[in-house]
Amino acid sequence: MIPKKVDRLLLQPIDSSFFDMPTLELARSLLGKLLVKETRAGITAGWIVETEGYIGPADRAAHSYGNRRTARTDVMFGPPGYVYTYVMHTHCLINVVSGPVNHPEVVLIRALEPFCGIELMYARRGTDKRKEELTNGPGKLTKALGIEKADYGRPLFARPLFVAEGKEIESVSVGRRIGIENSGEARDYPWRFWVSGNRFVSKTRRQGE
DNA sequence: TTGATGATGGCCT
DNA sequence: GGCCATCATCAAG
């Protein structure tokens, strides 16, 4: 039963130690957790239903491939549990930094199931379509939650942008990652995870389900 | 400075 | 399925 009003105190940031696990394990563990963003406009949150692991330096699809350290990838080389945002075309994508210091690995959050602040999500997305359209893609969910490139480097275990406990997942599906066709052998790595049968998983290519 | 390149999304046929 | 808007990023010149 979803409460009509979500008490801010109901949503507590997870402990920073949560992020201290291998990247693919974290990608699975994030499924069912809540991603929360608090702004002056209000609170928006959704259950994470789709993730992908990017494991530099050996992963050709990762921005940190070959240990490439630039202004953009810098946060990946720090401790886990911090935000890696970057702009793809006109859209902002959010990743969770994982792995120990100097291991530039991340988990990309690709889709959410809206939990609260749904009216605000509709307003930010500028659409009146079905609820699935709000957050069923990495660029869509950031817009719905008001996540921006400026969130780069923020901890995900403290307000205003954080992970919180959610609900148990019955079954996880595994498959190839999306949109990395030019990444050689890495394009076939089964490093995409999603909640089996969930309606909010991004539509592009559902193989393996 | 400049040009090439996308971990996308929305609209079109 | 195809097309492409639009811009941060990065490496080369």
Side-chain angles (χ1 to χ4, degrees), chain A residues 23-24 26-28 30-31 35 46 48-78 80 82-99 103-114 121-154 156 173-195 199-209:
Chain A
T23 294
L24 297 184
L26 181 62
R28 285 174 176 270
L30 281 167
L31 296 177
L35 181 65
I48 297 169
V49 297
E50 181 183 1
T51 60
E52 286 178 355
Y54 286 85
I55 308 182
D59 178 4
R60 273 185 70 178
H63 294 154
S64 54
Y65 177 60
N67 259 332
R68 198 161 64 139
R69 187 164 189 165
T70 65
R72 183 173 72 159
T73 63
D74 193 62
V75 72
M76 294 189 202
F77 290 80
Y82 289 80
V83 174
Y84 168 50
T85 45
Y86 83 101
V87 174
M88 170 59 173
H89 292 263
T90 54
H91 308 284
C92 180
L93 277 60
I94 182 169
N95 296 249
V96 180
V97 173
S98 66
H103 291 248
E105 309 176 7
V106 297
V107 175
L108 169 67
I109 299 177
R110 286 196 56 89
L112 303 178
E113 176 174 345
M121 291 190 196
Y122 270 107
R124 285 177 174 148
R125 291 275 290 119
T127 182
D128 59 355
K129 293 184 187 143
R130 35 203 273 281
K131 197 165 72 168
E132 284 87 341
E133 294 299 318
L134 290 175
T135 52
N136 63 348
K140 297 178 185 177
L141 72 91
T142 54
K143 190 162 187 188
L145 265 62
I147 294 168
E148 306 169 340
K149 196 184 63 175
D151 289 307
Y152 182 99
R154 275 187 161 155
L156 279 159
S173 296
V174 182
R176 294 162 65 191
R177 293 173 292 179
I178 303 292
I180 54 164
E181 295 309 304
N182 298 323
S183 300
E185 74 286 347
R187 70 181 203 163
D188 295 324
Y189 297 168
W191 290 353
R192 175 178 175 234
F193 306 91
W194 66 95
V195 176
R199 294 155 39 219
F200 296 86
V201 170
S202 65
K203 288 291 188 258
T204 31
R205 223 204 298 143
R206 278 216 188 188
Q207 64 172 80
E209 191 172 39

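Every chain is numbered from 1, with letters handed out A, B, ... down the list of sequences. Bear in mind the structure is a predicted one, so any value in this text is a computation, not a measurement.
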**Prompt:** A:Tyr54 OH to B:dG6 C1': how many Å, rounded?
**Reply:** 12 Å
**Complete:** Whole-Å distance, A:Tyr84 OH to B:dA7 P, equals 9 Å
**Asked** Can you give one letter per nucleotide of nucleotides 5-11 of chain C, 5' to 3': B if a protein heavy atom sits under 4.0 Å from the base, S if only from the sugar-phosphate, - if neither?
**Response** BBBSSSS
**Request:** Please report, rounded to the nearest Å, how far the P atom of B:dT8 is from the CG atom of A:Asn95.
**Result:** 11 Å
**Message:** Output the rounded distance in Å from NZ (A:Lys143) to P (B:dT8).
**Reply:** 16 Å
**Request:** Go ahead and name the base partner of C:dA11; Watson-Crick or wobble counts if both distances stay under 3.5 Å, otherwise write none.
**Result:** B:dT2
**Request:** Name the pairing partner of C:dT6, where a pair is Watson-Crick or G-U wobble with both distances under 3.5 Å, or state none.
**Result:** none
**Asked** Across the strands shown, which category fits A:Arg125 at heavy-atom distances under 4.0 angstrom: base, sugar-phosphate, nothing?
**Response** sugar-phosphate
**Item:** Spacing between A:Phe193 atom CZ and B:dA7 atom C1', to the nearest angstrom
**Value:** 15 Å
**Whole-Å gap separating P (B:dA7) and CG (A:Asn136)** = 19 Å
**Item:** Check: A:Ile55 main-chain N/O paired with A:Thr23 side-chain donor or acceptor under 3.5 Å
**Value:** no
**Message:** Can you tell me how far apart CG (A:Leu93) and NZ (A:Lys140) are? Round to the nearest 0.5 Å.
**Reply:** 12.5 Å
**Message:** Within 45 degrees of the ring normal and closer than 6.0 Å to the centroid, is that where the cationic atom of A:Arg60 sits relative to A:Tyr189?
**Reply:** no
**Message:** Just the rounded figure in Å: distance from P of B:dG6 to CG of A:Asn182.
**Reply:** 6 Å
**Asked** Just to confirm, is there a sub-4.0 Å distance from OP1 or OP2 of B:dC11 to any side-chain nitrogen or oxygen of A:Lys129?
**Response** yes
**Message:** Please check: side-chain N/O of A:Arg125 versus main-chain N/O of A:Lys143, any donor-acceptor pairing under 3.5 Å?
**Reply:** no
**Request:** Indicate the ring-plane relationship of A:Tyr86 and A:Tyr84, choosing parallel, tilted or perpendicular according to the 30° and 60° boundaries.
**Result:** parallel
**Request:** Nearest whole angstrom, please: distance from the P of B:dC11 to the NZ of A:Lys140.
**Result:** 10 Å
**Fill in**
salt bridge (charged side-chain N to carboxylate O under 4.0 Å, His left out) test vs A:Arg199 passes for just one of A:Glu132, A:Glu50, A:Glu113, A:Glu133, namely A:Glu132
**Request:** Please step through side-chain contact (heavy atoms from CB on, under 4.5 Å) for the pair A:Asp151 and A:Ile94, ending with a clear verdict.
**Result:** CA-CA 9 Å; A:Asp151 289 307; A:Ile94 182 169; over 6 Å; no
